[in-house]
Number of protein chains: 2
Amino acid sequence: MGKPCILVVDDDKEIVQAIAINLQKEGYDVRKAYDGLQALDIISTQSIQLVILDIMMPNLDGLSAVLKIRQEKNIPIIILSAKSEDSDKILGLSMGADDYVTKPFNPMELMARVKSQIRRYMTLGDMNTADKPNILKTGGLWFNPDTCEVTVDGEPVKLTATEMRILELLMRNPGRVFPAEEIYERVWNEPAYNVENTVMVHIRRIREKIEINPKEPKYLKVVWGIGYKIEKI
Amino acid sequence: MGKPCILVVDDDKEIVQAIAINLQKEGYDVRKAYDGLQALDIISTQSIQLVILDIMMPNLDGLSAVLKIRQEKNIPIIILSAKSEDSDKILGLSMGADDYVTKPFNPMELMARVKSQIRRYMTLGDMNTADKPNILKTGGLWFNPDTCEVTVDGEPVKLTATEMRILELLMRNPGRVFPAEEIYERVWNEPAYNVENTVMVHIRRIREKIEINPKEPKYLKVVWGIGYKIEKI
DNA sequence: CATATTTCTTAAGAATTTCTTAAAAGGAGG
DNA sequence: CCTCCTTTTAAGAAATTCTTAAGAAATATG
């Protein structure tokens, strides 16, 4: 089902970057956010399997963010904090966090804790996908990568494997425009050579299935001369 | 559901006692062990939901104990240790522990970490098969992993061991689509190499037994190019 | 408004994936 | 050592999807 995707949230971009590099070395996908609101947005629209979160941030403080994330999804949360007071740890954990790491931290220890959480989430967390699925949503278009279910305004839609992979790519990055070449390379895992047409035909078929009026697409739009995107709704 | 039961393992009886009192205050049941072998015995014979374990013990060292516990049950393990070296933490976590607390520790922090683990263990809904009779149902298809009984609309069906393991995996995650490779790895516990056919034949045999019309399966469906799933009914 | 460029549509054949069937290989129990 | 049951392998059949290519439509440009 692809590599686990981990969201790193900290207002210090350097720290985010450092953690991200380590995570990628371990084979994880990474998303980055620099404040709590951004983090919540990503969590509710993308499929995230674990959150690493600094609790001292602008906009929305970390502890509230933990609460909100808990409300929305049942994924592991690791708190990062400069506060090493026991009372802070207790507070963080009782807010719903799954682990608490104090700055400065050993990157290797953080990785070990991440792995531990992911392993637990994976091995006994299968059931939770049924309960609190990581559904990608934009407007009335919902996609559940775990069950391969796609619905438009509640109506189920049947996509083929390739169609789903394309849709997943676009929906995981709402608003971002993907050139046909990039879509091909990322979906087929092959270098793209003279494949614009191929991608286009697939786009067309997806539109036929998910759009009410394929000629005036609501979700799957084209940006002339650049590529395709899923509208961020 | 009963209160969660927590096993505390340490060769220092005073520490065990102190932790036990705290746990009982929080409303947990407690079991005590003073070395690794005793701990393993209790874990394999009693219903335990979480283990707190000192890793420096006579008879069986703590890290091996963690490994053995992991093999046997999928319950959360919190390591207690006087070693606060990062390398020790990393080792402990990668052995399969879920958290690592260094001595001396704040009892309240330990309680917070216990609660966090228990909450996750509960909400993710892993069934400790020893505890609860735990029948998986989707529509008319019932499966009791404890007694290995499978019935379709009340009619008993005889599955082989492998068939049951596959069915169990799928039924524990209704709706979720599993690629043949993943099924193989999780059922056989071996890396999957050129095994799609093997899995497929087993799927076919399961269908033959549980489906009224194997050609139009009601329960065990395929998602083209992706994998198999048990329909969520 | 005319032209050039880009995207869209369509349908058929190629390619891939899954299904079926049968038989060989592997293991457990007597 | 033999028998029976389970698991794996293999190959051809069937079903579905993917790709190609060519003409139509739409959009940008001058």
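Order of the sequence lines sets the chain letters (A, B, ...), proteins ahead of strands, with each chain counted from 1.
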Q: For Trp188(A) and dT19(D), is the shortest distance between a side-chain N/O and OP1 or OP2 below 4.0 Å?
A: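 It does, given that an N or O in the side chain of Trp188(A) lies less than 4.0 Å from OP1 or OP2 of dT19(D).
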
Q: What is the separation between atom CE on Met200(A) and atom P on dA24(D), rounded to the nearest whole Å?
A: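 Result: 16 Å.
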
Q: Using side-chain heavy atoms (C-beta onward) and a distance below 4.5 Å, is Ile230(A) in contact with Leu136(A)?
A: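 Not in contact.
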
Q: Both Lys158(A) and Trp224(A) contact DNA chain D. Which one's nearest nucleotide lies toward the 5' end?
A: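 Nearest nucleotide further toward 5': that of Lys158(A).
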
Q: Looking only at side-chain N and O atoms, does Thr198(A) come under 4.0 Å of OP1 or OP2 in dC18(D)?
A: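 Negative; the distance criterion is not met.
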
Q: Given atom OH of Tyr184(A) and atom C1' of dT19(D), what is their separation to the nearest angstrom?
A: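 Answer to the nearest Å: 9 Å.
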
Q: Let me know the distance between CZ of Arg205(A) and C1' of dT19(D), rounded to the nearest Å.
A: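 Those two atoms, CZ and C1', are 12 Å apart.
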
Q: Please determine whether a side-chain nitrogen or oxygen atom of Arg204(A) lies at a distance below 4.0 Å from atom OP1 or OP2 of dC8(C).
A: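 It does not, given that no N or O in the side chain of Arg204(A) lies less than 4.0 Å from OP1 or OP2 of dC8(C).
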
Q: For dT17(C), does either OP1 or OP2 sit under 4.0 Å from a side-chain N or O belonging to Tyr228(B)?
A: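 For dT17(C), neither OP1 nor OP2 has a side-chain N or O of Tyr228(B) closer than 4.0 Å.
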
Q: Measure the distance from CD on Glu208(A) to P on dC8(C) and round it to the nearest whole Å.
A: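 It works out to 13 Å between those atoms.
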
Q: Taking the side chain as C-beta and beyond, is there a heavy-atom pair between Cys148(A) and Lys229(B) under 4.5 Å?
A: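 Side-chain contact under 4.5 Å: no.
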
Q: Could you check which of dC19(C), dT16(D), dA21(D) has an atom nearest any side-chain atom of Asn197(A)?
A: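 My answer, after comparing the listed nucleotides, is dA21(D).
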
Q: Go through dC19(C), dT7(D), dC18(D) for me and flag the one nearest to the Thr162(B) side chain.
A: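 Nearest nucleotide to the side chain: dT7(D).
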
Q: By nearest atom, which of the nucleotides dT19(D), dT7(D), dT21(C) is closest to the Val201(B) side chain?
A: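 Closest nucleotide among those given: dT21(C).
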
Q: From CD of Glu196(A) over to P of dA22(D), roughly how many Å is that when rounded to an integer?
A: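 Taking CD of Glu196(A) and P of dA22(D), I get 17 Å after rounding.
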
Q: Tyr228(B) and Ala180(B): which non-hydrogen atoms are nearest, and at how many Å?
A: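 Reported closest heavy-atom pair: CE1-CB, 4.5 Å.
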
Q: Hey, does Val222(B) reach any base, or is it just sugar-phosphate, or nothing, if we go heavy atoms under 4.0 Å?
A: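 If one applies the 4.0 Å heavy-atom cut-off, Val222(B) turns out to touch the sugar-phosphate alone, with no base involved.
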
Q: I need the CD1-C1' distance between Ile203(B) and dT8(D), as an integer number of Å.
A: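 That distance rounds to 15 Å.
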
Q: Find the distance Leu159(B):CG to dT6(D):P and express it as a whole number of Å.
A: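 Interatomic distance, CG of Leu159(B) to P of dT6(D): 11 Å.
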
Q: May I have the distance from Ile226(A) (atom CD1) to dT6(C) (atom C1'), rounded to whole angstrom?
A: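 Rounded to the whole Å, the gap is 13 Å.
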
Q: What contact category does Arg207(B) fall into here, base, sugar-phosphate, or nothing, at under 4.0 angstrom with non-hydrogen atoms?
A: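 Counting heavy atoms under 4.0 Å across all strands, the contact made by Arg207(B) is with sugar-phosphate only.
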
Q: May I ask you to check whether over 12 heavy atoms, not counting those of Trp142(B), lie within 6.0 Å of atom CH2?
A: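 No - once you tally the heavy atoms of other residues, nucleotides and ligands closer than 6.0 Å, there are 12 at most.
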
Q: Check Asp10(B) with Lys32(B), please: is the shortest side-chain N to carboxylate O separation under 4.0 Å?
A: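 So Lys32(B) does not pair with Asp10(B) through a salt bridge.
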
Q: Ignoring backbone atoms, establish whether His202(A) has a side-chain N or O less than 4.0 Å from OP1 or OP2 of dT17(D).
A: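 For His202(A), the contact criterion (side-chain N or O under 4.0 Å from OP1 or OP2 of dT17(D)) is not met.
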
